[in-house]
Amino acid sequence: MPAERCASYYNATINQESNYPQLEGDIRVDVVIVGGGFTGVATALELSEKGYKVALIEANKIAWGATGRNGGQVTGSLSGDAAMTKQLRRQIGNEAEDYVWNLRWRGHDIIKNRVAKYGIECDLKFGHIQTAYQMQHMHELRAMHDEAQRRGMGELMTLVSADEMPAYLGSPLYHGGLVNRRNMHLHSVNLCLGEARAAAGLGTLIFEHSPVLDIEEGDVATVVTAKGKVRANSVLIAGNAYHKLARPQLRGMLFPASLGNCATAILSDEIAAQINPQDLAVYDCRFVLDYYRLTADKRLMFGGGTNYSGRDPKNVAAELRPAIERTFPQLKGVDIEFAWAGMAGIVINRIPQLGKVSPNVFYCQGYSGHGVATSHIMAEIMANAMDGQLREFDLFAGMHHIRIPLNEWFGNQALALGMLYYTLRENWR
């Protein structure tokens, strides 16, 4: 049975709830998209702006999955950037470094322009700091700062020493940081719902509570639900870690990892100014990191503790509280009013996976915990591909990905062991 929304801060503060019908009967469109998260909704909007007739089918509610359960940070951190650059060099040579650098910021512009164009109220704010959890992390941040200087983005970056950190964060943990004024943070569900309303206003047919049972391939593909069918020239599978479609082709490529998140009670103006005086989004440099920010109503939203086994934590609030109190001792004993978890789609080499399972059935997935910005970039690439502009799609479809054999359970255990190795190595350093 389709599920209602989880008990998250985002879902408790929705501006305008979605109320799209269940799919019934037979429909004919140009493109049908399976999955109502950022990838599916953003692709639908892109295609609708190009004049295509689009149907979007969601098993639960728009923004129900990882789109509505993340930290709401829009940053230029591309997961798998080094591996991506290495593979792109084989395809486009010396252009690879510039392409990946520009890709980092493309999602920011898409989101910022879309929020302005459609008047989407999603608490969009600028400002982010990446913190040095260990002294050696400052070398990494300094290299990032230097690259930004070389590429003309230096005025948006500030390298912060340990002595200067109290002006940015009231935490004893960090050895410095890198402030980025181009990065953003926002209310993820209100952004996605706003984009869905924009797409619907341009003619996209949106259906909720309509799990897809099958995709029948052919010159005209058919997407089948319990009560209806949609026939289309092209299909996009955009369910990420929340679907089981096209298993023969996609098995062993993507693995679900549970990310816990929570939001405290509303903080006083004084405490909010103590812990985060410049209202920045934050994450640290560790491989398995903590990430947090203040919400519009001055709660601390705090996430971390990724579970690579593919299972949700039993008690998200209890697992995150020690990290909150370690980061901000002044919040010891603070009430945690919302706690939730979501499944990110993890790729072994961290490169987003774009491709086809048949000539007109596409898939797009695998942002490895960096999905808010990346999903919008990939949605633009997918919409262009379905419009016949295949250059960028072919770049990503041509990437080599590691496929883990046997079943998903085995893959998740292998992934968990690999993450444990990297975490232990980092702690040893």
Side-chain angles (χ1 to χ4, degrees), residues 2-3 5 18 20-23 27 29-50 52-70 107 110-111 114 118 120 188-212 215 221 223 225 230 232-246 250 254 342-345 352-357 360-367 371-387 393 396:
R5 298 191 184 277
S18 62
Y20 298 105
Q22 189 176 26
L23 175 63
I27 296 172
V29 296
D30 299 319
V31 179
V32 56
I33 297 171
V34 181
F38 277 139
T39 302
V41 170
T43 304
L45 181 50
E46 296 270 0
L47 287 168
S48 294
E49 290 176 334
K50 295 176 184 291
Y52 285 86
K53 187 174 182 180
V54 181
L56 177 73
I57 305 176
E58 164 57 38
N60 299 291
K61 299 279 284 184
I62 296 297
W64 181 87
T67 289
R69 302 165 190 252
N70 55 64
I110 293 170
I111 293 170
R114 188 163 290 159
Y118 294 106
I120 300 172
S188 298
V189 172
N190 281 334
L191 173 61
C192 191
L193 291 175
E195 291 178 301
R197 286 193 297 273
L202 293 172
T204 295
L205 304 173
I206 301 179
F207 302 98
E208 295 181 315
H209 298 307
S210 302
V212 170
I215 299 174
V223 173
T225 69
V230 181
N233 301 328
S234 301
V235 178
L236 171 61
I237 301 172
N240 207 37
Y242 284 90
H243 79 90
K244 300 294 182 183
L245 299 168
L250 301 182
L254 181 85
M343 290 295 176
Q353 297 173 342
L354 281 62
K356 295 181 179 182
V357 298
N360 60 348
V361 178
F362 298 77
Y363 64 89
C364 181
Q365 61 183 24
Y367 312 130
V372 182
T374 309
S375 59
H376 285 81
I377 301 166
M378 297 304 141
E380 185 176 72
I381 293 172
M382 295 307 304
N384 287 338
M386 292 178 174
D387 190 41
F393 172 81
F396 281 92

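Side chains are part of it too, since the values below use all heavy atoms of this structure and drop only hydrogens, waters and symmetry mates.
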Engineer: Would you check if Val223 and Val34 make a side-chain contact, meaning some heavy-atom pair closer than 4.5 Å?
Structural biologist: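 Yes, close enough: below the 4.5 Å cut-off.
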Engineer: Treating Arg69 as the side-chain partner and Ala63 as the backbone partner, does any N or O pair qualify as donor plus acceptor under 3.5 Å?
Structural biologist: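 A pair under 3.5 Å: no.
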Engineer: Heavy-atom distance under 4.5 Å between the side chains of Tyr367 and Thr39, does that happen here?
Structural biologist: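 SC-SC contact between Tyr367 and Thr39 confirmed.
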Engineer: To the nearest 0.5 Å, what is the distance between CG on Leu205 and CD1 on Ile33?
Structural biologist: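 Going from CG on Leu205 over to CD1 on Ile33, the span is 11.5 Å.
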Engineer: Taking Arg5 for the side chain and Ile62 for the main chain, is one N or O donor matched with an acceptor at less than 3.5 Å?
Structural biologist: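 Between the backbone of Ile62 and the side chain of Arg5 there is a qualifying donor-acceptor contact (under 3.5 Å).
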Engineer: Quick one: are Tyr118 and Leu45 in side-chain contact, heavy atoms under 4.5 Å?
Structural biologist: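 Answer yes - side chains close enough.
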Engineer: Quick check against the 3.5 Å criterion: does Asn70 have a side-chain atom that pairs as donor or acceptor with the backbone of Ala66?
Structural biologist: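 Answer holds: yes.
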Engineer: Distance-only, no hydrogens or angles: does the Asp30 side chain make a donor-acceptor pair with backbone N or O of Ser234 under 3.5 Å?
Structural biologist: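 Pair absent, no side-chain N/O of Asp30 close to backbone of Ser234.
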Engineer: Kindly compute the distance separating CZ (Phe38) from CD1 (Ile111), expressed to the nearest 0.5 Å.
Structural biologist: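 Between atom CZ of Phe38 and atom CD1 of Ile111 there are 6.5 Å.
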Engineer: How many angstroms lie between atom OG of Ser375 and atom CG of Asn240, to the nearest 0.5 angstrom?
Structural biologist: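 Between Ser375 OG and Asn240 CG, I get 9.0 Å after rounding to 0.5 Å.
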Engineer: Does the side chain of Lys50 reach to within under 4.5 Å of the side chain of Asn384, using non-hydrogen atoms?
Structural biologist: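 In short, these two side chains touch, coming nearer than 4.5 Å.
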Engineer: How many angstroms lie between CZ in Phe393 and CD1 in Ile381, if you round to the nearest 0.5 Å?
Structural biologist: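 Those atoms lie 10.0 Å apart.
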Engineer: Mind checking whether Val361 and Lys356 have side chains closer than 4.5 Å, heavy atoms only?
Structural biologist: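 No, their side chains stay 4.5 Å or more apart.
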Engineer: Between atom CG of Leu23 and atom NE2 of His209, what is the distance when rounded to the nearest 0.5 Å?
Structural biologist: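 Atom-to-atom, Leu23:CG and His209:NE2 are 13.5 Å apart.
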Engineer: Between the main-chain N or O of Met343 and the side-chain N or O of Tyr242, is there a donor-acceptor pair closer than 3.5 Å?
Structural biologist: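 Checked: pair present.
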Engineer: To the nearest 0.5 angstrom, please state how far the NE2 atom of His243 sits from the OH atom of Tyr363.
Structural biologist: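 Output value for this atom pair is 10.0 Å.
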Engineer: Which is it for Glu208 and Ser18 under the side-chain hydrogen bond (donor to acceptor under 3.5 Å, both in side chains) test, yes or no, and what are the steps along the way?
Structural biologist: CA-CA 9 Å; Glu208 295 181 315; Ser18 62; 2.6 Å; yes
Engineer: Compare all side-chain heavy atoms of Thr43 with those of Met378 and state whether any distance is below 4.5 angstrom.
Structural biologist: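 Not in contact.
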